[in-house]
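Below you'll find the structure, written out as C-alpha cells, and then a few comments.
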Amino acid sequence: AILSVTNEVGTGMTLNTSFKTKKGIPPPVRNLTASALSSTEVRLFWNDPCPTHGNIIYFSYKTKTVSNFTRYNISNSKCTNTDVFDRCVDITNLEPHKNYTFVVSATNGEGRSVVTEVWAVTNETEPGPPESLNVTSYAERLHFSLSLPAKPGGVLLSFTIVLQHTDYKCGEKLQPDSY
C-alpha cells in the first residue's frame, strides 16, 4: 500500500507499507448489477469482494428460473468495457421476456463466498404465429377460435384478423369446400 497526503500546496512524501489479510472465505461480491442486452442475452457486472481473504480462483454464477437452476464457473479476468465494475459476463441463450434470477459468488483457496443475487427480465421479441386458427361458417356470421402462440415473445396486446372478400355473383351458391 502506498499512502500520500495532499493539501493545496501539493502532495507530500509517500509512505510504502505492505500487509496481508487473513485467509478465509471471501465476503460476497459487491454491486452486482444485471442489464438486458437483447431478448436472449443479459450482462452481469460486479465488483470483487473486499477484502478477498486470499487470491480469488474463480467466480461462479447461477441462472435461475422457476423450473431451472444451472451453475457456471468463469475465470477471474477483468471486465474491459467499463471502469465502474471489476468483472462482467454475458449470459446468452436465454428466453425472450422471461424473468431470470442470477446469483454470483467468489471462490478462493478457503472456500466459496455467500451468493449475491440480482434479477433481470430479457427484452420482448415479436410473437410467433398462433398455434391454430379454426373458422366455423354460419349463414350470416363466422366464428373464429385460435390458440395462443407457443412463443408469445412478451405480453400479447391484441390479435388482428384480416378478411379478404372474393367477388361472386349475387345468388351464386357457395360450395362447402370453398369456405
(request) Search all heavy atoms of F45 against all heavy atoms of C88 and return the closest pair with its distance. (result) CD2-CB, 3.8 Å

(request) Flag yes if more than 12 heavy atoms outside E110 fall under 6.0 Å of its CD atom; otherwise flag no. (result) yes

(request) Give a yes or no on whether the backbone of D86 and the side-chain of N47 come within a donor-acceptor separation of less than 3.5 Å. (result) yes

(request) Look at the side chain of E124 and the backbone N and O of V155, then say whether any donor-acceptor pair between them is shorter than 3.5 Å. (result) yes

(message) Tell me if a side-chain donor or acceptor on D90 pairs with a main-chain N or O of E41 at a distance below 3.5 Å.
(response) no

(message) Quick check for you: to the nearest 0.5 Å, what is the distance between L32 atom CG and R87 atom CZ?
(response) 13.5 Å

(request) Apply side-chain contact (heavy atoms from CB on, under 4.5 Å) to F85 and T33, showing your working. (result) CA-CA 9 Å; F85 295 99; T33 304; 3.8 Å; yes

(message) Grouping I, L, V, M, F, W and Y whenever their side-chain heavy atoms are under 4.5 Å apart, do L148 and L133 come out in a common cluster?
(response) yes

(message) Nearest 0.5 Å, please: how far is OG1 in T122 from NE2 in H97?
(response) 8.0 Å

(request) Flag yes if more than 12 heavy atoms outside N55 fall under 6.0 Å of its CG atom; otherwise flag no. (result) no

(message) If you define the side chain from C-beta out and look only at heavy atoms, does anything of L94 sit under 4.5 Å from Y100?
(response) yes

(message) A side-chain contact here means heavy atoms from C-beta on lying under 4.5 Å apart; do D48 and K78 qualify?
(response) yes

(request) Could you tell me the separation between the OG1 atom of T63 and the CG atom of L44, rounded to the nearest 0.5 Å? (result) 7.5 Å

(message) So which atom in P27 and which in H53 form the shortest heavy-atom distance, rounded to 0.1 Å?
(response) CD-CD2, 3.5 Å

(request) Would you give the length of the straight line joining atom NE2 of H143 to atom CG of N134, rounded to the nearest 0.5 angstrom? (result) 8.5 Å

(message) With a 3.5 Å distance limit and no angle check, can you tell me whether T14 reaches the backbone of I2 through a side-chain donor-acceptor pair?
(response) no

(message) To check you understand the geometry: which heavy-atom pair defines the closest contact between L156 and P149, and what is its length?
(response) CD1-CD, 3.8 Å

(message) Is it the case that the side chain of T40 and the backbone of S38 share a donor-acceptor pair, with hydrogens and angles ignored and the cut-off at 3.5 Å?
(response) no

(request) For N108 and T52, indicate whether the former's side chain and the latter's backbone hold a donor-acceptor pair under 3.5 Å. (result) yes

(request) Please say which of F102, Y61, F59 ends up in a ring-ring contact (aromatic ring centres under 6.0 Å, His included) with W46. (result) F59

(message) Taking A106's backbone N and O only, do any of them form a donor-acceptor pair with S113's side chain (distance below 3.5 Å, no angle check)?
(response) yes

